[in-house]
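Below: the structure, in structure tokens.
Since the model is a prediction, treat every value here as computed from it, not as a measurement.
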Amino acid sequence: MATPSIDTLHATLAPFGQAHVLKFWDELDAGQQSELAAQIESFDLDQLRELYQSQDSENHWGALAAQSTVPPAITLDDFADEQSFESAYQTGAKLIGDGKVGMIIVAGGQGSRLGFDHPKGMYPIGPISEKSLFQIFIEKVIARARQFASTIPLYIMTSPPTHEETIAYLNQENFFGMNPEDVMIFCQGVMPAVDGDGKLLLEEKGKIFVSPDGHGGALLALEKSGALADMKKRGIEHSFYGQIDNPLVQVCDPALLGYHSQSGSEMTSQVVRKSDPFQKVGNVVTSNGKAQIIEYSDLPEENAKETNPDGSLRLWAGSIAVHIFKTDFFDRMSQTANSLPFHRAHKKVAFVNSSGESIQPDQNNAVKFEKFIFDLLPSAQNAIICEVDPADGFNAVKNAPPANAETPDHVKAAISDLHTRWLNECGIVVNDEVKIEISPLFAPDSRALKGKIDADPNFARTISADTYLQ
Ligand code: UTP
């Protein structure tokens with residue numbers, strides 16, 4: 001198709017005050033002009049203007065928090081109750097065994113805080129093995145499927161900045177042993193950002209700055225890519241959802257799936273009991289029968305600090321971005337226009353100014369627009385939350401050292417501590433300072449490990465050197 005003329009593009013942009021992006025048009029070659037024109041035509045400038053003009057944050061969070069409670073919850077006490085747990089476990093095990101469970105991993109983020117020059121999933125995180133986040137996740141999926149003699153298809157969401165490299169990496173690694181036919185890599189969309197005056201930013205003279213449209217972009221991308229159709233074709237009824245940066249995710253945990261299914265929940269979220277009122281996790285609350293998340297930055301201090309008569313936090317449930325979705329729910333929501341709102345984030349974005357100079361701002365100069373998958377919660381029927389001990393399920397790689405939390409070293413230590421505890425629960429003594437790593441293919445969880453150790457009379461009763469069980 002021929003590239004539209006500069007006059008046509010000008011006529012599209014000018015009513016929205018965005019014609020400045022054509023400033024360097026005459027300096028561009030034909031290929032660059034055509035790419036810039038395609039970018040311009042892909043934008044919804046009306047929507048962008050509306051988003052820019054919308055309030056930064058509506059001031060209703062205090063009122064909402066005051067009238068909210070916590071959604072129906074399966075707590076650690078329920079997981080510890082043998083009868084309740086066993087019934088949930090068997091329900092989940094059957095779903096997996098019957099091939100009704102899929103796994104979604106979102107890996108489209110740019111990992112800017114970590115400062116790693118590749119998709120975050122390629123980051124080596126195994127405390128001894130140095131396996132990458134992708135390898136650990138994929139082996140968890142393989143192991144879980146094997147446990148129940150089934151197949152769990154894996155849907156990996158990338159974004160334009162991570163897509164090609166992720167595909168090349170997984171191909172080169174032969175999908176870490178997973179059948180490529182059971183892996184679908186799909187790419188999310190992008191959104192332009194604007195400056196303080198609502199103007200588009202040029203990343204280069206012939207390229208408007210865009211960035212991935214948030215993990216909530218998964219909803220549209222699942223539909224557009226055919227991943228949702230693939231789920232339906234395979235008879236997948238529930239999708240387990242995790243983020244690539246948390247290698248502790250209890251991938252397709254049978255009990256979690258069981259509680260979700262037994263509750264008739266369309267969307268189940270795993271939560272931690274907040275360790276302090278201001279912990280930086282989204283607060284899962286319910287009001288008028290609708291579950292939703294209040295971001296920690298939006299929860300007023302007095303609501304965050306409210307306690308129950310026993311002194312525990314009233315709004316105690318912090319989201320760790322692990323969810324289970326019913327396929328029917330995805331299907332319904334992907335047919336619903338604007339089912340996910342955009343959130344605004346103030347960020348630093350390098351740009352080319354009107355003199356053609358590249359500017360590296362030292363403070364936030366742009367507003368990015370992102371969708372969050374957890375905004376599906378209010379639309380879900382019978383949404384429940386399931387508590388997990390963070391030591392069992394939550395430690396994400398976010399920051400580069402020397403940050404005091406969420407660095408690769410913190411996450412490696414959390415993996416080693418968890419696997420040490422699994423061994424301890426099997427009666428194995430692990431000496432202090434010893435690092436432990438258990439491959440998901442050796443045992444995907446403590447229950448599987450116990451079965452394996454009980455069946456092996458020669459398994460060492462004491463471990464005194466760094467050990468990788470594989
Ligand atoms: P974060 O918001 O923590 O972003 O994403 P990030 O890319 O990992 O790191 P920063 O903020 O740039 O330092 C949480 C999860 O959501 C995914 C990420 O890949 C990560 O698994 N995500 C985020 C997407 O898949 N797409 C997005 O547009 C944003």
Side-chain angles (χ1 to χ4, degrees), residues 76 79 103 105-107 109 111 113-114 116 118-144 147 154 173 176-177 240-253 256 270 272 275 281 318 320-322 388-426 428-450 452-453 459-460 463-470:
L76 291 183
F79 278 89
M103 178 74 200
I105 302 172
V106 291
R113 284 168 286 174
L114 183 62
F116 178 57
H118 303 281
K120 210 192 247 185
M122 291 170 63
Y123 196 91
I125 205 67
I128 298 174
S129 68
E130 305 225 316
K131 283 178 181 175
S132 67
L133 285 157
F134 272 131
Q135 182 167 7
I136 290 179
F137 265 99
I138 290 176
E139 289 184 350
K140 284 187 176 199
V141 174
I142 294 172
R144 189 66 81 202
Q147 216 175 5
L154 172 60
E173 300 293 346
F176 295 109
F240 202 102
Y241 166 106
Q243 301 190 154
I244 190 66
D245 52 15
N246 175 14
L248 264 60
V249 171
Q250 298 169 324
V251 168
C252 300
D253 181 74
L256 200 57
Q270 208 177 25
V272 292
S275 54
V281 282
I320 60 165
V322 172
V388 64
D389 181 339
D392 286 337
F394 180 45
N395 212 310
V397 188
K398 298 284 184 195
N399 301 319
N404 59 11
E406 301 188 317
T407 67
D409 281 351
H410 289 101
V411 176
K412 286 178 191 175
I415 295 173
S416 176
D417 289 350
L418 173 63
H419 291 171
T420 298
R421 186 152 50 77
W422 286 3
L423 286 168
N424 295 157
E425 284 164 10
C426 298
I428 309 296
V429 174
V430 177
N431 290 350
D432 288 349
E433 310 296 329
V434 164
K435 267 196 269 182
I436 299 288
E437 182 180 349
I438 301 174
S439 165
L441 299 175
F442 187 84
D445 54 31
S446 60
R447 182 175 169 127
L449 183 67
K450 184 151 189 347
K452 200 144 183 166
I453 290 180
F459 198 91
I463 298 181
S464 49
D466 290 356
T467 299
Y468 177 44
L469 294 173
Q470 59 180 320

- Query: How far apart are the closest heavy atoms of Pro247 and Val411, and which atoms are they?
  - Reply: CG-CG1, 3.4 Å
- Note on the structure: All heavy atoms of Ser132 vs all of Phe176, minimum pair found to be OG-CZ, 4.1 Å
- Item | Asn424 side chain reached by Val429 side chain, heavy atoms, under 4.5 Å | no
- Query: Among pairs that include at least one residue of residues 397-410, which meet salt bridge (charged side-chain N to carboxylate O under 4.0 Å, His left out), considering only residues two or more places apart or in two chains?
  - Reply: Asp245-Lys398
- Query: When rounded to the nearest 0.5 angstrom, what is the spacing between CG in Leu469 and OG in Ser129?
  - Reply: 11.5 Å
- State whether the side chain of Asp466 and the backbone N or O of Ile128 hold a donor-acceptor pair below 3.5 Å, judged by distance alone. no
- Report yes if the side chains of Val281 and Phe394 come closer than 4.5 Å at any heavy-atom pair, otherwise no. yes
- Output the distance between atom CZ (Arg421) and atom CD1 (Ile428), rounded to the nearest 0.5 Å. 15.5 Å
- Message: Could you check whether any side-chain heavy atom of Val388 comes within less than 4.5 Å of a side-chain heavy atom of Ile320, counting everything from C-beta outward?
- Response: yes
- Message: Does the plane of the ring in Phe116 sit parallel, tilted or perpendicular to the ring in Tyr123? Use 30° and 60° as the thresholds.
- Response: perpendicular
- Item | Contact summary for Glu437 and Gly126, nearest pair of heavy atoms | OE1-C, 3.4 Å
- Item | Lys140 vs Met103, side chain to side chain contact (heavy atoms under 4.5 Å, CB included): CA-CA, chis, key distance, verdict | CA-CA 10 Å; Lys140 284 187 176 199; Met103 178 74 200; over 6 Å; no
- Message: Can you tell me if Asn431 has over 12 outside heavy atoms packed within less than 6.0 Å of its CG?
- Response: yes
- Run the side chain to side chain contact (heavy atoms under 4.5 Å, CB included) check on Gln470 and Ile438 step by step: do they pass? CA-CA 6 Å; Gln470 59 180 320; Ile438 301 174; over 6 Å; no
- Note on the structure: In this structure, NZ of Lys131 is separated from OG of Ser439 (nearest 0.5 Å) by 3.5 Å
- Would you say the side chain of Ile125 lies within less than 4.5 Å of the side chain of Pro408, judging by non-hydrogen atoms? yes
- Task: Nearest 0.5 Å please: distance from the OG atom of Ser416 over to the CD1 atom of Ile436.
- Result: 6.5 Å
- Item | Contact summary for Leu133 and Lys120, nearest pair of heavy atoms | CD1-O, 3.3 Å
- Task: Would you check if Val397 and Thr407 make a side-chain contact, meaning some heavy-atom pair closer than 4.5 Å?
- Result: no
- Could you grab the distance from atom CD of Glu425 to atom CD1 of Ile453, nearest 0.5 Å is fine? 10.5 Å
- Shortest non-hydrogen contact from Phe137 toward Ile244: CE1-O, 3.4 Å
- Query: Do Leu449 and Leu423 come within less than 4.5 Å of each other through their side chains, counting heavy atoms only?
  - Reply: yes
- Test item: Asn399 side-chain N/O and Ala405 main-chain N/O as donor-acceptor pair under 3.5 Å: yes
- Task: For Lys435 and Thr467, test the side chains for any donor-to-acceptor distance below 3.5 angstrom and give the result as yes or no.
- Result: no
- Task: Decide yes or no on side chain to side chain contact (heavy atoms under 4.5 Å, CB included) for Phe240 and Ile105, but give the supporting numbers first.
- Result: CA-CA 8 Å; Phe240 202 102; Ile105 302 172; over 6 Å; no
- Query: Is the backbone of Ala400 close enough, under 3.5 Å, to the side chain of Arg113 for a donor and an acceptor to pair up by distance?
  - Reply: no
- Message: Give me the atom names and distance for the closest heavy-atom approach of Asn395 to Ala414.
- Response: ND2-CB, 3.3 Å
- Message: Once rounded to the nearest 0.5 Å, what's the spacing between atom OG of Ser446 and atom CG of Leu418?
- Response: 8.0 Å
- Task: Run the numbers on His419 and Phe442 for side chain to side chain contact (heavy atoms under 4.5 Å, CB included), then give the verdict.
- Result: CA-CA 12 Å; His419 291 171; Phe442 187 84; over 6 Å; no
